[in-house]
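Worksheet: one structure, shown below.
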Protein chains: 2
Amino acid sequence: MASRRHVIADDLRAQISTGRIKAGERLPSETQLAARYTVSTPTLRSALALLQAEGLVEKVHGKGNFVRRPVQRITYRGGSPTPPTPALQSSIRVTRIRARGHLCTLLRVPVGTPLTEFHCLSHDGTSPYGLARVYIPRDLAPAVTPDESPWPAKEATPLAEIEETLCARLPTALEAATLRISPTLAVLAITRVATDTAGRVVEAAVLAIPGDRAEAIFTTHHTADDRRTEG
Amino acid sequence: MASRRHVIADDLRAQISTGRIKAGERLPSETQLAARYTVSTPTLRSALALLQAEGLVEKVHGKGNFVRRPVQRITYRGGSPTPPTPALQSSIRVTRIRARGHLCTLLRVPVGTPLTEFHCLSHDGTSPYGLARVYIPRDLAPAVTPDESPWPAKEATPLAEIEETLCARLPTALEAATLRISPTLAVLAITRVATDTAGRVVEAAVLAIPGDRAEAIFTTHHTADDRRTEG
DNA sequence: CAGTGGTCTAGACCACGCG
DNA sequence: GCGTGGTCTAGACCACTGT
C-alpha cells in the first residue's frame with residue numbers, strides 16, 4: 001500500500017511543512033537523497049515527482065530541487081469585465097492578428113477578422129503566476145497601443161453579459177514553460193466571453209492560472225422575488 | 001527535445017483519435033508495446049502515463065490498458081442552488097454528523113453543530129463522474145430522509161447569495177478511487193456556500209469533478225444601470 | 001570543468017484478475 | 001498458473017548550470 005516513493009514524499013513533505021527545510025531552499029541532490037533513503041535514483045525521482053505535482057517543489061535543471069515559496073493565493077473574481085488581477089505587475093504584449101479557428105467561434109466572427117491580441121503575463125516579484133490572452137475585435141478597440149491603457153475602455157459599448165467557462169486541465173508545453181510550472185501540475189483555465197447589448201462579442205479572454213495557487217470565486221445574488229435567471 | 005515517451009505517446013494518441021484503436025478497446029500489453037517501439041518497459045510505461053494524465057487511457061491492474069470512451073462533457077452551471085446535474089443517476093448516502101474543522105468555517109457554525117451530510121455520487125451508466133458532499137445544518141433541514149426528496153426544499157428560508165469557489169487540484173486518494181480516475185488527473189473542485197437573507201449558511205457543498213470531462217459555466221448579466229446581479 | 005537533473009536500459013520481484 | 005500491470009534496482013549516457 002505505502003510504496004517507497006510515498007513514504008519518501010511524505011517524509012520530505014513533513015520536513016518542508018515543519019520548516020526543517022525552509023522555503024526557497026535547495027534540497028540535497030537527488031543522488032544524496034537516494035543514498036539517504038537507500039533507494040535508487042529513479043525511485044527517489046518518482047518521490048520528488050509527487051511533490052512537484054503538488055506544486056511544493058520546483059525542479060531546476062542543472063541546479064537542483066527547490067522548495068517553493070508559499071505563494072499567495074491568486075483569487076480570480078468572476079463576473080467582472082476588468083482584468084482578473086488589476087493591481088499586479090504584468091508584462092503585456094500587444095499583437096495584431098486575424099481570427100482563425102477556435103477564436104472565430106469564441107468571438108463569433110468570420111475567419112480573417114482583424115483582432116487585437118493582448119498577451120499578458122502577471123508577475124509577483126520574480127515568479128510568474130498568471131497567463132492571459134485577451135482578444136478584441138479591432139473595430140471595437142480602435143487604437144490601442146502599449147502606451148495607452150492596455151485594457152481598452154468599454155464604456156462605448158454597454159456590456160450585457162459575461163460568460164465564464166472554467167475547467168481544470170494540464171498546461172500546454174508553452175504554458176508550463178511560461179508559468180514555470182511542472183507539466184504535470186494542472187492549471188485552472190478560464191475562458192471569458194463578454195457580449196454587449198447588441199449581442200456582439202466585445203472581448204474574449206483565455207486565462208491559465210496554476211492550479212496550486214489559484215481559485216476563482218463567483219458570487220450570485222438572489223433577489224427577494226426569487227428571480228432565478230442564470231443557469 | 002522530443003523524448004521517446006512523447007514520440008510513443010503521440011503515436012498512440014494518433015492511433016486512438018483516428019480510430020485505429022477504438023474506444024473501450026484494450027491496448028497491447030506493455031511488454032508487447034515496449035517490443036514494438038523497441039524501448040524498455042519503464043519508458044513505455046512513462047509514455048502511457050502521459051495518456052493517463054490526459055484521461056485518454058485507463059489502466060486496470062491485471063487486465064491491461066484501455067482506451068477510455070469519450071465521455072460526454074459534464075457542465076456545471078454556476079449560480080444555482082439546485083444540484084449541479086439534476087437529471088442524472090446518482091447514489092446518495094445520507095449521514096448525520098457534527099460540524100468540525102473546516103466545515104465549521106464553511107457553515108459558520110460552532111464545533112459540534114448537528115449537520116446532515118449528503119454523500120452523492122453521480123453516474124453516467126457505469127462510469128462515475130461526479131462526487132458531491134453537501135452539508136446542511138440539521139435545524140434548517142428538519143426531517144430529511146433518503147426516502148424523501150434528497151435535496152431539501154429551501155423555500156422556507158429565502159436564499160440571498162450563493163458563493164462558489166473553484167480550484168484545480170489533484171484528487172485525494174479517496175476521490176481518485178471513487179471516481180476511478182488516475183491520481184495524476186486533476187479535478188475541478190467547487191465549493192458552494194449558500195446563505196439566506198438572515199445571513200445564515202443554509203447549505204455548503206463540496207464537489208469534485210474529473211478535470212478531463214468537466215467544465216463550469218458562469219453567466220453574469222449586466223443591466224443598463226450596471227447593477228451586478230448574478231446570473 | 002564538476003555537479004546537477006533528464007532520460008533510458010535490462011533486468012528483477014510483487015500484486016492483481018481470471019480461468 | 002499465467003498474463004497483466006506495479007514497483008524497484010544499479011547502473012549508463014546526455015543536457016544544463018555554474019566556476
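Below, chains carry the letters A, B, ... as their sequence lines are ordered, and counting in each starts from 1.
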> Less than 4.0 Å between a side-chain N and a carboxylate O, is that true for B:Glu54 and B:Arg13?
Replying inline: yes
> Is the shortest distance from a Lys or Arg side-chain nitrogen in A:Arg96 or A:Glu117 to a carboxylate oxygen in the other one below 4.0 Å?
Replying inline: no
>> Could you work out how much the helix from C:dC1-D:dG18 to C:dC18-D:dG1 bends, comparing the axis of its first five pairs with that of its last five, to 10°?
In response: 20°
> OP1, OP2 of C:dG6 versus side-chain N and O of B:Arg5: anything below 4.0 Å?
Replying inline: no
> In whole angstrom, what separates A:Arg26's CZ from D:dG18's P?
Replying inline: 12 Å
>> Working to the nearest 0.5 angstrom, can you tell me the gap between A:Arg93 CZ and A:His119 NE2?
In response: 5.0 Å
> Below 4.0 angstrom, N of the basic side chain to O of the carboxylate: do B:Glu175 and B:Arg133 qualify?
Replying inline: yes
>> Side chain of B:His61, heavy atoms from C-beta onward: which of C:dG6, C:dT7, C:dA15 has the nearest atom to it?
In response: C:dA15
> C:dG5 C1' sits how many Å from A:Gln52 CD, rounded?
Replying inline: 10 Å
>> Output the rounded distance in Å from CD (A:Glu58) to P (C:dG5).
In response: 13 Å
> Do B:Ser40 and B:Thr43 get their side chains close enough for a donor-acceptor pair, meaning under 3.5 Å?
Replying inline: yes
> Listed in order of residue number, which residues of residues 28-47 of chain A have a non-hydrogen atom at under 4.0 Å from DNA chain C?
Replying inline: A:Ser29, A:Glu30, A:Pro42, A:Arg45
>> Between A:Glu163 and A:Arg192, does any side-chain N to carboxylate O distance fall below 4.0 Å?
In response: no
> Out of curiosity, B:Thr191 OG1 to B:Leu106 CG, how far, rounded to the nearest 0.5 Å?
Replying inline: 6.5 Å
> Rounded to whole angstrom units, what separation is found between the CZ atom of B:Arg4 and the P atom of D:dC13?
Replying inline: 15 Å
>> For a quick test of reading the model: is some side-chain N or O of B:Asn65 closer than 4.0 Å to OP1 or OP2 of D:dG5?
In response: yes
> Is the shortest side-chain N to carboxylate O distance from A:Lys59 to A:Glu30 below 4.0 Å?
Replying inline: yes
> OP1 or OP2 of C:dG3 less than 4.0 angstrom from a side-chain nitrogen or oxygen of A:Lys63, does that happen here?
Replying inline: no
> Counting heavy atoms not belonging to A:Arg26, are there more than 12 under 6.0 Å from its CZ?
Replying inline: yes
